[in-house]
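Indexing begins at 1, ligand by ligand and atom by atom, following the structure's order.
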Amino acid sequence: MTGCTSRLAPSPTGALHLGNARTFAINWALAQQHNWTMLLRIEDLDHPRVKPETINQAREDLAWLGLTWDTETAIQSTDVAPCRAAFRTLASSGRVFPCDLSRKEVQAAQSAPHDNYDGMRYEPTLRPADAGRPWNEPDETRTWRFLVDDREHTVNDQISGTHTFNLSHSIGDFPVWTSQGPAYQLAVVVDDARQGVTDVVRGNDLLSSAARQQAIAAALGLDSPRWWHLPLVRGEDGRRLAKRHGDTRISSFHAAGVPAERVIGLLASWCGVGDQADPQPMDAAEFAATVEISTIPTDDAVLTARNIQWLTDC
Ligand code: GLU
């Protein structure tokens, strides 16, 4: 299909590692296969966690791997005016309400332990009695929550099919604005819409966010993109790839003289290309020509000690 647009959207809160690289490589391969325009958007709104030096590093890592983009890099924090306008629209239509409760207070009101959403649900009992009233001059120094409906939201995913979420039963009313500015859930909806993003490809840890993002988009009268949520990469202990699994940063492999083709070859072996036990080096173009979205294993990939040896023993 032509006329479609996707985006690589790294958060500069840490270095790109093999897990992020796999998601980005598949996103890029899909864009090549379907002639999508590719954007690069740096999602730097998570203020306390942003490490500015990782912005350029992410660009370098992607370029080293051969993953390209078609437009100038968009840095999310440099233009929050459209998010502010969207927030004001939500406020004036009574879709958000201010919340001054601390995390501890929200936690203390939990009716049952919640495994997801960081263990936190905003209980309906916490909702102020006047929630739903319009606010024409919302105070931007406060936190504002999006008022969720008690109904099923259907997320149609191109990879894993149809999922239903009742936001009221799971996460409850969630923040779209904080004293720091737009929260991730709002920023991603606004930026995807204004940048013409039609296809969002990302890790399936964000699948439940898709329901939240669809609800915000609907409240703003915006279309939601198509979703492609990919399995993640885990360590041999079954936990999501992280520092505890050793140094899996792309920049470290680059600095150690590992050819990019080895890294891409490993990512390909996690995508059902060839024999998983015997990865073959390949460049990004070859990866895009070989990987097939329908044959990517639906289980999470596992980074093994043997994988690391294969990367570094060359
Ligand atoms: N910036 C997010 C991340 O690095 C991705 C957000 C998204 O794709 O919507 O996890």
Side-chain angles (χ1 to χ4, degrees), residues 4-28 30-31 36-52 54-59 61-62 65 67 69 73-80 82-83 86 116-118 155 157-160 163 165 171 174-176 180-217 222-234 240-243 248-251 300:
C4 292
T5 299
S6 189
R7 60 357 182 235
L8 302 168
S11 294
T13 48
L16 237 67
H17 56 58
L18 288 168
N20 318 123
R22 176 176 182 263
T23 305
F24 289 140
I26 298 171
N27 193 354
W28 186 83
L30 275 166
W36 298 342
T37 299
M38 182 61 96
L39 314 178
L40 176 63
R41 185 172 77 219
I42 306 290
E43 302 208 318
D44 62 339
L45 292 179
D46 194 357
H47 300 276
R49 296 176 57 225
V50 166
K51 301 187 185 119
T54 62
I55 296 181
N56 270 338
Q57 191 61 55
R59 276 194 280 234
D61 293 346
L62 291 167
L65 291 170
L67 309 182
W69 52 96
T73 312
I75 311 265
Q76 213 167 29
S77 66
T78 59
D79 187 9
V80 294
C83 289
N116 290 326
Y117 312 112
D118 216 6
V155 172
D157 190 76
Q158 302 295 313
I159 295 174
S160 57
H163 304 263
F165 297 91
I171 188 154
F174 58 89
V176 287
Q180 302 286 306
Y184 159 70
Q185 302 291 352
L186 177 66
V188 85
V189 169
V190 171
D191 284 347
D192 281 341
R194 73 190 177 111
Q195 292 167 351
V197 171
T198 55
D199 290 87
V200 166
V201 184
R202 59 190 182 185
N204 64 16
D205 53 327
L206 290 171
L207 183 61
S208 70
S209 283
R212 276 173 267 178
Q213 290 161 14
Q214 283 185 186
I216 297 173
L222 301 171
D223 289 334
S224 284
R226 279 189 302 196
W227 309 110
W228 309 70
H229 287 95
L230 296 163
L232 303 176
V233 179
R234 297 192 181 274
R240 219 174 127 183
L241 204 59
K243 277 198 184 123
T248 66
R249 288 175 297 176
I250 299 304
S251 54
D300 289 340

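In terms of protein heavy-atom proximity, atom 8 (O) of ligand 1 is closest to R7 NH1, 2.7 Å. Counting only heavy atoms of the protein, atom 3 (C) of ligand 1 lies nearest to S11 OG, 3.5 Å. The protein atom (non-hydrogen) at minimum distance from atom 6 (C) of ligand 1 is E43 OE1, 3.2 Å.
In terms of N/O distances under 3.5 Å, ligand 1 is not approached by V188.
Interface atoms of ligand 1 facing Y184, defined by a heavy-atom separation under 4.0 Å, are 6 (C), 7 (C), 9 (O). Residue A9 has at least one heavy-atom neighbour below 4.0 Å for each of these atoms of ligand 1: 1 (N), 2 (C), 3 (C), 4 (O), 5 (C).
Dense packing is recorded around CG of N56, with more than 12 heavy atoms of other residues, nucleotides or ligands lying under 6.0 Å away. More than 12 non-hydrogen atoms from other residues, nucleotides or ligands lie less than 6.0 angstrom from CZ of R59.
Rounded to the nearest 0.5 angstrom, W228 CH2 and I26 CD1 are separated by 11.5 Å.
Contacts between L206 and ligand 1 below 4.0 angstrom, taking non-hydrogen atoms only, involve the side chain exclusively.
No hydrogens or angles considered: a donor-acceptor pair under 3.5 Å links the side chains of Q195 and R41.
Of the residues listed (I55, L40, T54), the one engaging P10 in a side chain to side chain contact (heavy atoms under 4.5 Å, CB included) is L40, and it is the only one.
By the 4.0 Å heavy-atom criterion, Q213 is excluded from the residues contacting ligand 1.
The side-chain heavy atoms of L232 and L241, taken from C-beta on, include no pair separated by under 4.5 Å.
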